Amino acid sequence: MTAPRVRFAPSPTGDLHVGSVRASLFNWLYARRFGGTFILRIEDTDRARSTDESTNVILEGMRWIGMEPDEGPFFQSQRGDLYRARLDELLDARKAYRCYCTKDEVAAKRADAERQKKLYRYDRTCRDRTDAPDLPFVVRAKLPEEGTVVIDDLVKGRVEVRNDQFDDLILARQDGSPVYNFTVVVDDIDMQITHVVRGDDHLNNTPKQIHLYSLLGAPLPAFAHLPMVHGANGKKLSKRDNVVSILQFRDLGYLPETMLTFLVRLGWAHGDQEQFTVEELTQLFDLKDVRPSAAVFDEKKLDWLNGFKLREMTPAALRDRARTFIEAVGIDPETTWVLRAVEALQPRANTLLQLAKGLRMFTDRGPVTYDEKAARKFLKEEQRERLTLLADRLAEIDDFQAPALEAATMAFLEEHEWKMKHVGQPCRVALVGGTVSPSLFDVMEIFGKDVSLARLRAAAAFAPSEE
RNA sequence: GCCCCUAUCGUCUAGCCCGGUCCAGGACGCGGCCCUCUCAAGGCCGAGACGCGGGUUCAAAUCCCGCUAGGGGUACCA
């Protein structure tokens, strides 16, 4: 097998959609697996909708996720000469022709057909015209009127379509600018693409493009049409109801390797294996293992996956990865207590953002504001004595670390014949003001001796005394 | 309307090509239990699917046909 050449060809008209990232990923993985070349081509022929900003978003998203192109980015807007040359060839060879029908005429015929409930197809009035009036025109390809096209799709299998389905498609607009179906084919030929791997929303374009290959006298690449990704509503993922931008996932605190693993598992599997490293993926991935049916993007599973990957890291690595999030929350990641706090929060966070937010619990070292309900329930009168006694006991500890604190507390409890479950929540409320936090001993270690004892005593004082 | 694609637990999927080993396996989610100072994490257990109807066959999730349902396309967008 010769080394494959594949491409990702997004149009810069908005965010980089996770569905696009997945299509790109399948291309990239295929290239990596078989020692091929991955090319990035920006399809910006629709100048009204394309923006530089969007191009940058695409580049940024791909860099973030680690899919750097081997060649490109190429911009279709800079390749006009190529398209014009191929267009002239087609015209000269009479494989394409100038069509002088105006937009309005065509629109009228279409409306007419719709009114009669008939399928509209351009009637080819200009196909065999021999005159050349000095009027604006559009260039159309002469497509076969009979017969069938066969697509041997790597994921969909054999697809056969009748040629009477198509009209003579437009190659270049009235202003001379080339149209998508033409530029893709010209570029894929020029860039010697061996495998066209894209979403199956393009499956309907493929027969037309196959005809263009033959008009242009070029060999056919292999095609692989990937199933779509749907939202929970069963429809195409939409900006309206879902988070779809890859950069948004980044900003929410998902890891790029999470996105990669999750996205590749939408439509591809390797037995029962759930976890993959990027290296593994580049050794295992193959287009022939891609399922043909659409998949639903399950945010719950994404969260689980991200949390899983977060928990695999060492606390130091996790802190480093969460750096920008920690800073955003106003904390210096190098502060000494941060590492311990990250460790304590690690099993409790599914995203870097959640982790950073969790850290805020430890920033304020002054008096605690108690959650009203929590205080009423746990800071009862008997806690005056317990909390005070515990504070006195812990005051004797010099090595204010979780293990020592735990040992001392356990001994203390035993002496007084109290149970952890009787003092645990009161302590927690005393320390953080609420009923949810990491282990008390971790919390105390993070706060340090002075703050911890002060808070324990403050809570004891706060608890109501006997009437 | 017409064309194309798809169809295994709620979701992602294994199995389907090469029928029997599948009273269908794994994972997320869900329920329960354990652990436990709360919440998580972790461990264990459980409920949960071959869309329907016809064939073919000794035997079908697996092969064939039809239906139904869902999705996509039908531009001088990409």
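Below, read A as the first sequence line, B as the second, and so on, with proteins coming before strands; counting in each chain starts at 1. Treat the numbers as computed from the prediction; the structure is a model and nothing was measured.
- Here the C1' atom of nucleotide rC5(B) and the CG atom of Asp153(A) are 10 Å apart, to the nearest Å.
- Glu43(A) comes within 4.0 angstrom of the backbone, heavy atoms only, and of no base.
- The pair Lys235(A)-Asp241(A) fails the salt-bridge criterion, with no side-chain N (NZ, NE, NH1 or NH2) lying under 4.0 Å from an Asp/Glu carboxylate O.
- In this structure, NE2 of His225(A) is placed 12 Å from P of rC5(B), rounded to the nearest angstrom.
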Protein-to-nucleotide contact annotation, 5' to 3' order, nucleotides 38-44 of chain B [B base; S sugar-phosphate only; - none; under 4.0 Å, heavy atom]: BBBSS--
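- Note on Thr206(A): nothing from the nucleic acid sits closer than 4.0 angstrom, heavy atoms only.
- Across all strands shown, rG46(B) is found opposite rC30(B) as a Watson-Crick or G-U wobble partner, with both distances under 3.5 Å.
- Here Cys99(A) lies out of heavy-atom contact (under 4.0 Å) with every strand.
- The separation of rG19(B) from rA60(B), taken at their C1' atoms, amounts to 6 Å, rounded to a whole angstrom.
- Under the 4.0 Å criterion applied to side-chain N and carboxylate O atoms, Arg127(A) and Glu145(A) are assigned as salt-bridge partners.
- rC22(B) is unpaired under the criterion used here, namely a Watson-Crick or G-U wobble arrangement in which both key atom distances are under 3.5 Å.
- Going from atom CD1 of Ile58(A) over to atom C1' of rA78(B) covers 11 Å, rounded to whole Å.
- Candidate nucleotides rC12(B), rG25(B), rC5(B) were compared by shortest atom distance to the side chain of Leu203(A), and rC5(B) ranks first.
- Counting any heavy atom pair closer than 4.0 Å across all strands shown, Phe297(A) reaches no nucleic acid atom.
- Atoms CD (Glu105(A)) and P (rC76(B)) sit 14 Å apart, rounded to a whole Å.
- Nucleotides rG25(B) and rG42(B) have their P atoms positioned 23 Å apart, rounded to a whole Å.
- Under a 4.0 Å N-O distance rule, the pair Arg384(A)/Glu382(A) does not qualify as a salt bridge.
- Between Lys236(A) and rG73(B) there is a side-chain N or O to OP1 or OP2 distance below 4.0 Å.
- rU11(B) sits 22 Å from rG73(B) when the P atoms are compared, rounded to a whole Å.
- In the set rC76(B), rA78(B), rA27(B), rC76(B) carries the atom at the smallest distance from any side-chain atom of Gln174(A).
- Atom name C1', nucleotides rG32(B) and rU57(B): the rounded distance is 44 Å, in whole Å.
- If you check every strand for non-hydrogen atoms under 4.0 Å, Met228(A) touches nothing.
- Residue Asp200(A) places its side chain closer to rC5(B) than to any other of rC5(B), rC3(B), rA78(B).
- Projected onto RNA chain B by closest heavy-atom contact, Val106(A) and Lys235(A) fall at different nucleotides, the more 5' of which corresponds to Lys235(A).
- Considering only side-chain atoms of Lys156(A), the nucleotide from rC37(B), rU6(B), rG73(B) that sits closest is rU6(B).
- For Tyr180(A), whose side chain is taken as the heavy atoms from C-beta onward, the closest listed nucleotide among rG26(B), rA78(B), rA14(B) is rA78(B).
- Candidate nucleotides rA7(B), rA78(B), rC76(B) were compared by shortest atom distance to the side chain of Ser293(A), and rA7(B) ranks first.
- The side chain of Arg49(A) lies closest to rA78(B) when the candidates are rG73(B), rA78(B), rA7(B).
- Here His202(A) counts as stacked on rA78(B): its ring centre is under 5.5 angstrom from the base ring centre and the planes meet at under 30°.
- Annotation: side chain of Phe26(A) is not in contact with side chain of Ser24(A) (no heavy-atom distance under 4.5 Å).
- Geometric assessment of Arg455(A) against the ring of Phe447(A) yields a positive cation-pi assignment under the 6.0 Å and 45° thresholds.
- Ion pair Glu257(A)/Lys309(A) not flagged as a salt bridge, since none of the NZ, NE, NH1 or NH2 atoms sits closer than 4.0 Å to an Asp/Glu carboxylate oxygen.
- His422(A) comes within 4.0 angstrom of no nucleic acid atom, judged by non-hydrogen atoms across all strands.
- A salt bridge links Asp200(A) to Lys156(A): one of the charged nitrogens lies within less than 4.0 Å of a carboxylate oxygen.
- Across rG20(B) and rC64(B), the matching P atoms stand 15 Å from one another, rounded to whole Å.
- If you check distances only, the side chain of Asn205(A) does reach the base of rA78(B) with a donor-acceptor pair under 3.5 Å.
- With salt bridges taken as basic N to acidic carboxylate O contacts below 4.0 Å, none links Arg158(A) and Asp152(A).
- At the heavy-atom level, Lys419(A) lies nowhere under 4.0 Å from the strands shown.
- Atom CZ of Arg291(A) and atom P of rU6(B) are 11 Å apart (whole Å).
- Rounded to a whole angstrom, the distance from the C1' atom of rC9(B) to that of rC76(B) is 48 Å.
- For the pair Arg140(A) and Tyr122(A), the cation-pi test (distance below 6.0 Å, angle within 45°) is passed.
- Results of the side chain to side chain donor-acceptor pair (under 3.5 Å) test with Tyr83(A) over Thr183(A), Thr45(A), Asp187(A), Asp190(A) single out Asp187(A) as the only residue that passes.
- Computed from coordinates, the Lys309(A) NZ to rC28(B) P distance equals 14 Å when rounded to whole Å.
- You won't find any donor-acceptor pair under 3.5 Å spanning the side chain of Asp201(A) and the base of rG73(B), going by distance alone.
- The nearest whole Å value for the distance from the CD atom in Gln273(A) to the C1' atom in rG15(B) is 17 Å.
- Rounded to whole Å, the C1' atom of rG48(B) lies 12 Å from the corresponding atom of rU8(B).
- Within 4.0 Å of Gly267(A), counting heavy atoms only, lie sugar-phosphate atoms of the nucleic acid but no base atom.
- The nearest heavy atom of RNA chain B to Lys208(A) and to Phe262(A) marks one nucleotide each, and the one closer to the 5' end goes with Phe262(A).
- Annotation: rU68(B) and rG51(B) have their C1' atoms spaced 8 Å apart (nearest Å).
- In a base pair of the Watson-Crick type (N1 to N3 plus N6-O4 or O6-N4) or a G-U wobble (N1-O2 and O6-N3), with each distance short of 3.5 Å, rG70(B) is matched with rC5(B).
- With respect to Asp123(A) and Lys109(A), a salt bridge is recorded, a charged nitrogen being found less than 4.0 Å from a carboxylate O.
- If you check rA78(B), rC12(B), rG72(B) against the side chain of Val296(A), the one that comes closest is rC12(B).
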